[in-house]
Amino acid sequence: MSMDEVLPILRSPRTHGELEVVRSVDEMLLRDRRTGERFPVRDGVAELLVAAAVTGLNRRYQRFYDRAAPLYDAALGLAARLARGREADLRREYLGDLEVEPGDRVLEVSVGTGANLRLLPPGLRLVGLDISRGMLRRCRRNLRRWGVEADLILGDAEELPFVDDAFDAVLHVGGINAFNDRQRALAEMFRVARPGAKVVVVDETGQLIDRFAWFPGARQMKRSFAERFEAPVGLVPAAAVEVGARPVVHGDLYCMSFRKPG
Ligand SMILES: C[S@@+](CC[C@H](N)C(=O)[O-])C[C@H]1O[C@@H](n2cnc3c(N)ncnc32)[C@H](O)[C@@H]1O
């Protein structure tokens with residue numbers, strides 16, 4: 001999709017107000033129609049993030065992923081081999097839970113380097129959001145190489161810069177255990193899903209962390225977030241239906257899903 005096509009569903013992360021495109025010879029911006037606040041579009045990525053609002057764990061992991069981005073794809077490929085599988089096959093275990101049809105608009109929150117988008121069926125209108133510029137840069141490069149089209153947005157999962165009911169399916173993989181406010185992120189995914197749409201949320205269980213206890217930071221992560229390594233079913237918005245969770249990838253990940261009532 002071009003910026004003009006995706007514009008109707010974009011909103012200011014500060015006011016949730018409508019945005020308009022402003023083009024000059026050498027730059028493109030998105031401007032809040034009401035307040036005039038400007039958000040840059042750099043290398044095709046709309047930067048709908050209020051930097052000062054990125055604090056605590058979100059800031060810590062934003063920095064971490066900015067630095068880790070060049071190594072991320074190789075590290076995940078290796079981790080998948082250690083888990084006795086091919087990365088694409090492991091990802092397909094949870095991607096099968098998404099309900100999508102040609103023409104659907106699909107959001108991946110925390111898109112990272114785009115590996116899930118590559119495995120989705122063709123003919124979807126894909127939007128990927130992440131808090132890390134480094135990961136999005138990598139993602140853009142990967143998507144070009146793979147011939148996959150998607151709109152990329154720099155943004156925070158806890159303040160999604162989209163209009164309500166914008167997406168036919170919403171996916172999140174791998175970030176939520178360490179978000180500042182998991183409940184708020186789930187509420188945002190629910191808000192931007194259209195009535196009837198399914199939301200699929202995947203992250204690691206304690207088993208995976210135990211297996212990678214030798215990995216730098218793993219032990220500290222388990223200590224800091226001990227209670228977070230299971231599906232946060234109790235944090236799903238009360239209005240959601242068909243709330244459930246199952247283990248995937250030999251129990252290394254949980255796959256939780258819920259639906260916005262139609
Ligand atoms: C483990 S990676 C997963 C990437 C991708 N979904 C995958 O399956 O490979 C976690 C991602 O979450 C992103 N992230 C962390 N905190 C975030 C937040 N508050 N909002 C949006 N993305 C966030 C990181 O930048 C990183 O790209």
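Counting convention: from 1, in listed order, for ligands and their atoms alike.
Using bins of under 30°, 30° to 60° and over 60° for the plane-to-plane angle, the ring pair Y65/Y72 lands in the perpendicular bin.
In the model, R91 has a side-chain atom that pairs as donor or acceptor with a side-chain atom of N116 under 3.5 Å.
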Note every protein N or O atom lying under 3.5 Å from an N or O atom of ligand 1, pairing the names and giving the distance.
unit_1	atom_1	unit_2	atom_2	d
ligand 1	6 (N)	E108	OE2	2.9
ligand 1	6 (N)	S110	O	2.7
ligand 1	6 (N)	V173	O	2.9
ligand 1	8 (O)	R91	NH1	2.8
ligand 1	8 (O)	N116	ND2	3.1
ligand 1	9 (O)	Y72	OH	2.7
ligand 1	9 (O)	R91	NH2	2.9
ligand 1	19 (N)	D156	OD1	3.0
ligand 1	20 (N)	A157	N	2.9
ligand 1	22 (N)	S110	OG	2.9
ligand 1	22 (N)	I131	N	3.4
ligand 1	25 (O)	D130	OD1	2.6
ligand 1	27 (O)	D130	OD1	3.3
ligand 1	27 (O)	D130	OD2	2.7

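Note on residues 242-262: pairs passing salt bridge (charged side-chain N to carboxylate O under 4.0 Å, His left out), not counting sequence neighbours, are D97-R246, E99-R259, D165-K260, R211-D252, E242-R259.
Of the residues R31, R11, R34, the one that meets the salt bridge (charged side-chain N to carboxylate O under 4.0 Å, His left out) test with E20 is R31.
Side-chain rings of F162 and H16 stay apart, their centers remaining 6.0 Å or farther from each other.
A salt bridge links D164 with R191: the closest approach of a Lys/Arg side-chain nitrogen to an acidic carboxylate oxygen falls below 4.0 angstrom.
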